[in-house]
Amino acid sequence: MIKEITAKYNAEQIEKKVTQFWEDSDAYRKTREHRKTGKRLFFVDGPPYTTGHIHLGTAWNKIIKDSILRYYSMNNRNILERPGWDMHGLPIEVRVEGLLGFKSKKDIESFGVENFIEKCKEFALTQKQAMTEQFQKLGVWMQWEEPYMTLKDDYIEAAWWTLKQAQEKDLLDVGKRVVNWCPRCETAIADSEVEYADRTDPSIYVKFKVKGEENTFIVIWTTTPWTIPSNIAVAVHPSFEYAKFRAIRQDGKEEILIAATTLIENVIRKGRYTNYEILETMLGEDVAGLEYESPLADLIPRQAEFKHNVYEAEYVTAENTGCVHIAPGHGMDDFNVGVKNSLPIFCPVGPNGSYTEEAGKYAGMNIRDANAVVIEDLLERDRLLAEGTVTHRYGHCWRCKTPIIYLATEQWFLKITDLKEKMLEEIDSVDWYPDWAGSARFRTWVEGARDWCISRQRYWGIPIPVWKCRKCGKLEVIGTKAELLEKAGIENDIELHRPYVDKVTIPCECGGEKKRVEDVFDVWFDSAVASWATLKYPQTQDQFDEWWPADFITEGHDQTRGWFYSQLGASMVGFGRAPYKSVLMHGFTLDAGGKKMSKSLGNVISPLEIIDRFGADTLRAYVLSASAPWDDLKFNLEEIETVHRSINILWNVFRFPLPYMALDKFDPMKVSLDSVKDALREEDRWILSRAQSVVKAVDEAMSGYLLHKAVREILEFALEDLSRWYIQLIRPRTWTEADDPDKLAAYCVLYEVYVTITKLISPFMPYLAEEMYQNLIRNVDPKANESVHMSDWPKVNETYLDPELEAAMSTARSIVEAASNARQKAGRKLRWPISRIVVSPESEAAAKAVDRLRSVLMDQTNSKAIVLTGVGQSWDELGLEVIPDPGKIGPVFKKDAGKVIPALQKVEGFALKKAFAENGEFELLLADGTTVTVTPGMANYKETLPEGTASAESDAGLVYVDANLTPELEAEGYSREVIRRLQDMRKELDLIVDENIRASVWIEDKRVLALVETLKDLIAEEVRADVFNIGSGTEVSGALVKDWDVEGIAMKMGIAKK
RNA sequence: GGGCCCGUAGCUUAGCUUGGUGGAGCGCACGGCUGAUAACCGUGAGGUCCUGCGUUCGAAUCGCAGCGGGCCCA
């Protein structure tokens, strides 16, 4: 049986109860089981990094995933969706280092790599546990018991397998490259790990002495003085114009400089030269070839050995001097120029950011400290043209915030550039939501992609499975643990982490011994293999064949360069195709001011805080409805409160009929909607139609992942159609005590609509839906599915759809609003009945709507009659006032105009209009008895309302309210006032709804008393008074006695329990 | 500096694809209802549609340039 619920919406209580129910009933597992025969849907969860706490962005991400998967499940999809955890990498190493108080790699080595790895593992697992609980609080249904974890051996094997594929397909490369390097972490870091922030650096102009030309210098600019010791070349743009010019120094000396012609002024100003004279101009391609001397050759023995020349490079821009300092060991572009021209890749800087022995004088010095020394040395040698500082965007290590440097080091690469063509083709075969996420954003990113540096010189990561012979240098890539054990001849199992795998050696054919290269993978490579690792591939084949590739993934737009990309790259290597079929790209959560949330700004909002205050359903409904998924979400607490209020209304809607249904023992299993068909009113048919329209709209929204539209549609239906309209309309029907078919029809319709809405909200507000479902459905139908989430998604029932009725009702609502507006103008409150409402319909459809919904209109406007005029015709009781137009009258009647105007004003408008229509003119009698002829242009008209009426506009046309009172109306009005106050007093005494009372009312005013007395019985019945006395001499008594002022009439009332 | 997205009332937003008098919700003010009641409903005020230029008879909508915000890159 349906149970009455009395409490107001209490999210905490509901969610706690439902969580327990899900757990006890094993609802998640049963739901997946229930869909085992459905069409497969493979979803891959983008693994959050195990930081230990979820934030609003990760919460939004999981809520989107959960809502979509619940929707798919109800649409009979057989879903596979293991949650994932990204557990390796520098962030955890940095956190653990912090916990242990370590400063550098040396501390780790002395602590012992094994100890360190164990700490990292423990840390990651602890954080995972905490985050799992947080995600579960959001109501997210995933296989939490069996997530995929990047630190597991089988996961590591998936990465190994992929690398082996790369090697077999000649997509693996090793070699010296310039990489982003963190001198603190002493490792290469990926482009995606570089964080840009403002930084102030030196800005220097340096003169390189041209060989064989007296007193001639080529001028370069740099923000990294420490790279001058590594200078090998200068680059110029082949088609820029350069000039050789004589510059006069402040000390009177002259020197001959070379720079881009357009930048001479800049060089002169920066170098504080007093004057200059252009000697010669030439194209960059002619400058190329020039030889110059390193300014620090005397301090760095190796520099004296190098030849230094000028080369062409297209990337040179017309800034500073137009001549670019090239240190192939310290810059990406520099490196490329170096390789192209076979220059030495001179890199005299070690992993910790200090110069090596090759740096001569600077050996052992930290590069940041070296800046000042280099500047000093340049100054001493008169090679420093200018010195200053510049604030610019500079890359930093994303974890430890140390400014990065560029170093040429030996690294491992995936040859993405070889795969690019095919990758771009694959992008087109994927469905992107929104479309531009793929066609514009991701495509641009892939087009510009370079080879992917996948090696890191760290500890906590997937070890790169490459073994190298110490003797002959032969490389061997290992694809699985079994392969490693076999080749190494080891019998007992080992863990695939450092330092355990580092100890494994493989005998080489040459008689030597192969040892593992020390690097670990970039963490982005970990998550890149998630789609097959989670299917236990390559260990098993069946699952992979059945499920791969993923049908759907969804992540934030930062993942364009991240997971969308890394997965595509790795999958191209492994399988030559994209690992996903459709991608929804969602936005970022920002604070209320539109700024991103960050710890340093102190504007971070915890999703758990929101859940504690409002519940998970509110948080879910808010983040889903607040903006389109791909737009950024400006978090706004007021909006959360609004959503919470909306859900509270939904709750009230839901609980409103329950006491009546319970009282009447209404059993929806016994009374079908079909059986009450004949008792259905228009409003019943209307709400049934609306419910179907909403299902349709939600389906349409979901087909394009427009989650915001789906949720808004549902909440709007609950608020506008159910709460503000349908419930209001049927209230009197539910109060009927008899077993009335009219009431039963309302119950059946409500029940039908509630069942539908319960299912509609379940993907988005899973807790509330479950609570409603258990009471509404499981309580009456023991055979029903155990959980709402096992239900089938509602199918649109076309027989209920009636678009014409929906339009008519919308017209009717507009009329009711207009009537209420007009009432306000007429000063007549809704409690007082009015004799009639007059509608002047604009169209045939409006007239039909009024006719069809006449009883609804009478009811909601509290009027005794609804009068329709003809279509397009105004109300025939309106007066028509004539407004003379002095501008037309003046020129014709000159000085008599003053008499014509007041006379014309007095003419009755309809008569004047009629005369004009019939004769084209009108004989106007003036005050002095004379007559003049007026013509149509001289008069304008204004409709006037009869006494006691007011009008307002509606969609249907003008609506008039006749607020004139008759004794009958007045009697009813005053009686309603009395009833309302007695009800109020009942409430004050906290009486039960059906408890009977004794009541007495004293009214001094004889006329009002007489009016109210005519409805004495009605009043007594409404307030459930068995004994009811009323009069001017009545003694008022009871448990509660109050004085009232009713529209200026003094009354005294008293009530008591019987 | 580049790519993509966003900019509409105090706040959150719809409308933009396909040009034709900008529509909601919250908040505010006033009023109503009182058998959902610490709930609910109505009415009203409130807009340089980021700025400028262009296309057009007509631009929130299309184009260009700029400004501000976000993500990503250099």
Chemist: Report which part of the nucleic acid A:Glu641 touches: base, sugar-phosphate, or nothing (heavy-atom distance under 4.0 Å, all strands).
Modeler: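 Answer is nothing: A:Glu641 stays at 4.0 Å or more from every strand.
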Chemist: By the 4.0 Å heavy-atom rule, please label A:Glu716 as base, sugar-phosphate, or nothing.
Modeler: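 Here A:Glu716 touches no strand at all.
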Chemist: Kindly indicate whether the side chain of A:Glu639 and the base of B:G25 share any N or O donor-acceptor pair separated by less than 3.5 Å?
Modeler: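 Answer is yes: a donor-acceptor pair is held.
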Chemist: Find the partner of B:G42: check Watson-Crick (N1-N3 plus N6-O4 or O6-N4) and G-U wobble (N1-O2, O6-N3) distances, both under 3.5 Å, and reply none if neither fits.
Modeler: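 B:C30 - that is the nucleotide pairing with B:G42, both distances being under 3.5 Å.
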Chemist: Among B:G70, B:C33, B:C6, which is the nearest nucleotide to the side chain of A:Phe588?
Modeler: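 In terms of side-chain proximity for A:Phe588, the closest of B:G70, B:C33, B:C6 is B:G70.
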Chemist: From the options B:G25, B:C33, B:C71, select the nucleotide whose nearest atom is closest to the side chain of A:Thr642.
Modeler: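 In terms of side-chain proximity for A:Thr642, the closest of B:G25, B:C33, B:C71 is B:G25.
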Chemist: Establish whether the base of B:C71 is bridged to the side chain of A:Arg441 by a donor-acceptor pair shorter than 3.5 Å.
Modeler: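 Donor-acceptor pair under 3.5 Å: yes.
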Chemist: Reckon A:Glu817 touches a base, only the sugar-phosphate, or nothing at all at heavy-atom distances under 4.0 Å?
Modeler: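 The residue A:Glu817 makes sugar-phosphate contact but no base contact.
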Chemist: For the side chain of A:Lys709, counting heavy atoms from C-beta on, which of B:C71, B:U34, B:G15 is nearest?
Modeler: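 Of the candidates, B:G15 comes closest.
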Chemist: Reckon A:Ser646 touches a base, only the sugar-phosphate, or nothing at all at heavy-atom distances under 4.0 Å?
Modeler: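 Nothing, no nucleic acid heavy atom in range.
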Chemist: With sequence neighbours left out, what residues match A:Asp631 under side chain to side chain donor-acceptor pair (under 3.5 Å)?
Modeler: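 Result, side chain to side chain donor-acceptor pair (under 3.5 Å) vs A:Asp631: none returned.
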Chemist: Quick one: do the A:Tyr406 and A:Asp334 side chains pair a donor with an acceptor below 3.5 Å?
Modeler: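 No.
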Chemist: Identify whether any heavy atom of A:Ile727 sits under 4.0 Å from a base atom; if not, whether one sits that close to sugar-phosphate; answer base, sugar-phosphate or nothing.
Modeler: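 The residue A:Ile727 makes base contact.
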Chemist: Does atom CD (A:Glu1021) have a neighbourhood of more than 12 heavy atoms from anything else shown, all under 6.0 Å?
Modeler: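 Not buried by this count: 12 neighbours or fewer within 6.0 Å.
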Chemist: Could you tell me which residues satisfy side chain to side chain donor-acceptor pair (under 3.5 Å) with A:Thr861, sequence neighbours excluded, listed by chain and number?
Modeler: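 A:Thr861: side chain to side chain donor-acceptor pair (under 3.5 Å) contacts with A:Ser863.
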Chemist: What nucleic acid atoms does A:Arg645 come within less than 4.0 Å of, heavy atoms only: base, sugar-phosphate, or nothing?
Modeler: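 Sugar-phosphate: the residue A:Arg645, judged by heavy atoms under 4.0 Å, touches backbone atoms but no base.
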Chemist: Taking the ring of A:Tyr660 and the ring of A:Phe666, is the distance between their centroids below 6.0 Å?
Modeler: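 No, too far apart.
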Chemist: Closest-nucleotide mapping onto RNA chain B: is A:Arg976 or A:Asn636 further toward the 5' terminus? I mean the 5' end.
Modeler: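 Per heavy-atom nearest nucleotide, the more 5' residue is A:Asn636.
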Chemist: Measure from the side chain of A:Tyr660, starting at C-beta and using heavy atoms only, and say which of B:C5, B:U12, B:G35 lies closest.
Modeler: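 Out of B:C5, B:U12, B:G35, the nucleotide with an atom closest to A:Tyr660's side chain is B:G35.
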Chemist: With both distances under 3.5 Å as the test, what is the Watson-Crick or G-U wobble partner of B:C4?
Modeler: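 When the pairing criteria are applied, B:G70 turns out to be the nucleotide that pairs with B:C4.
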Chemist: Paired with B:C62: which nucleotide, if any, by Watson-Crick or G-U wobble criteria at under 3.5 Å for both distances?
Modeler: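 Across any shown strand, B:C62 pairs with B:G54.
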Chemist: Contact class for A:Val653 (heavy atom, under 4.0 Å): base, sugar-phosphate, or nothing?
Modeler: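 Counting heavy atoms under 4.0 Å across all strands, the contact made by A:Val653 includes a base.
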Chemist: Paired with B:C49 by Watson-Crick or G-U wobble geometry, both distances under 3.5 Å: which nucleotide is it?
Modeler: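 Per the H-bond distance test, none.
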Chemist: Of A:Arg980 and A:Trp630, whose nearest nucleotide on RNA chain B comes first from the 5' end?
Modeler: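 Mapping each residue to its closest nucleotide by heavy atoms, the 5'-most match is A:Trp630.
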